Amino acid sequence: MPITVRVRFFARYAELVGRSEAAVSLPPPATVGDVVRRVREDLPGARALPERPLAAVNMKHVKLEAQVQSGDEVALLPPIAGG
Amino acid sequence: MPITVRVRFFARYAELVGRSEAAVSLPPPATVGDVVRRVREDLPGARALPERPLAAVNMKHVKLEAQVQSGDEVALLPPIAGG
Amino acid sequence: MRSAELNAMSYLTRSPISVDVLVAEVSSSACGGTCLFLGTVRNGRDEQGVTAIEYSAYEDMVDAEFGRLLADARGRWPEARIAVRHRLGTIPVGEASIAIVAAAPHRAQAFEACRYVIEGVKQRIPVWKKELRVDGSEVWVDPAGHPTAKPSHV
Amino acid sequence: MRSAELNAMSYLTRSPISVDVLVAEVSSSACGGTCLFLGTVRNGRDEQGVTAIEYSAYEDMVDAEFGRLLADARGRWPEARIAVRHRLGTIPVGEASIAIVAAAPHRAQAFEACRYVIEGVKQRIPVWKKELRVDGSEVWVDPAGHPTAKPSHV
């Protein structure tokens, strides 16, 4: 039973990938890093994303080693430039 | 030829002395400390002033050892409470 | 899509930030010191003909992360009253993109809490900016040359 | 007596302080960070039924000393733009007695310059305050239990 997560792209990453979100499925167990690798392989333009971007799961900052579960919202975040 | 300075009192010190200024004459050479001693001796109520108050001469903070000259404005300053 | 709505409960706004409103939110007779920080769009020595900056965000996460950041600040300065507003959209040079206000019984707490929050914003709050230049070009701002650095609290 | 006049060139005012005016005085497209400090009359845990504070000053010296203090600050942070206003007279609880604003290209300069000026005020600027209490009594405020301490810069 594969894990399916919703991946969201923001700012420059959304421009690079040409979309703001995608559904990604992969076999368990899977980490955020696995999601990133799958995205970079499967989505046109996603090769331009860094191999180790900032990431959040369900709106919390996480390391790329964090596990993901079906239904999670995984966000790939360009370098933060708020304020 | 005595030195004559204008002494100014502020806030609580003006209340203690019952006036906001006084002319003080004393023999040269004289320091701010000499002015304070003379004030405490001569003016009613001035005994209640501290022996070593904050002081300014011509609107600059000074030590009590600073020399005074005729025409100087010597101010005795209660503990600063600005802001 | 919930992130498109900027409602009254959000730390985000698309309108100019009112300093008066923010200061009023935190004012209290128990507080003797208030520190306000305003971040404004700059066209200075390090910029080249910037006319405005377009701010975008992962809006739901901004609100969640601001909630955690302010909870952290309140844990450190329990007596501080803190309010924050981040503006999104196109902001012209000279106008504020962020305002943080911290009121506290004593000034040291107010300064420290305010500074803590803006430093946290720079590390944690998922907002991005694109410089709009006089020549018509647009450039994403990559702060401080740490393009893939992780926030230190992760 | 010149000290009775509070003219436009003074750092002193007898009216409520306008934060907007002060921020506008320092704003510049080269400045990305602005830090404002407001000192407000407090009726908190450490006070007993304070309704207002009456501020008085050695007014000519306040202006002279503020000039020196701001020159010191500008020497340390040459890119900072700093404005300050101290209010005198009877100020009710919750209203500001002092406002200091520092704008600078980067936020650290703005915070540091603003903090430097308020710390200098507490040490150097000859202003005094008398608490007016609900029971009708009046008490001169002697800050921090150092009644005859000299400012450290003397």
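Computed from a predicted structure; not experimentally measured. Naming convention: chains lettered A, B, ... in sequence-line order (proteins, then strands); numbering from 1 in each chain.
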Query raised in the report: Who passes side-chain contact (heavy atoms from CB on, under 4.5 Å) against B/Glu51, sequence neighbours left out?
Result: B/Arg40
Requested in this report: Answer yes or no: is there an ion pair linking D/Arg14 with D/Glu59, defined by an N-O contact shorter than 4.0 Å?
Outcome: yes
Query - Under 4.5 Å from any heavy atom of chain B - which part of D/Arg87 - result: neither
Report summary line: Those residues at least two apart in sequence (or on a different chain) that pass salt bridge (charged side-chain N to carboxylate O under 4.0 Å, His left out) with D/Arg74 are none
Query raised in the report: Would you call D/Arg115 and D/Glu119 a salt bridge, using N to O less than 4.0 angstrom?
Result: yes
Query - Residue among D/Lys129, D/Lys130, D/Arg68, D/Met61 with most heavy-atom pairs under 4.5 Å to chain B - result: D/Met61
Query raised in the report: Is there any residue in residues 90-106 of chain D with a non-hydrogen atom under 4.5 Å from a non-hydrogen atom of chain B, and which ones are they?
Result: D/Ser97, D/Ile98
**Report entry** Any D/Glu112 side-chain heavy atom under 4.5 Å of D/Arg76 side chain
**Finding:** no
**Report entry** Salt bridge flag under 4.0 Å for residues B/Glu21 and B/Arg19
**Finding:** no
Query raised in the report: Got a sec, which residues hit side-chain contact (heavy atoms from CB on, under 4.5 Å) with D/Lys122, two or more places apart in sequence or on another chain?
Result: C/Arg107, D/Ile118
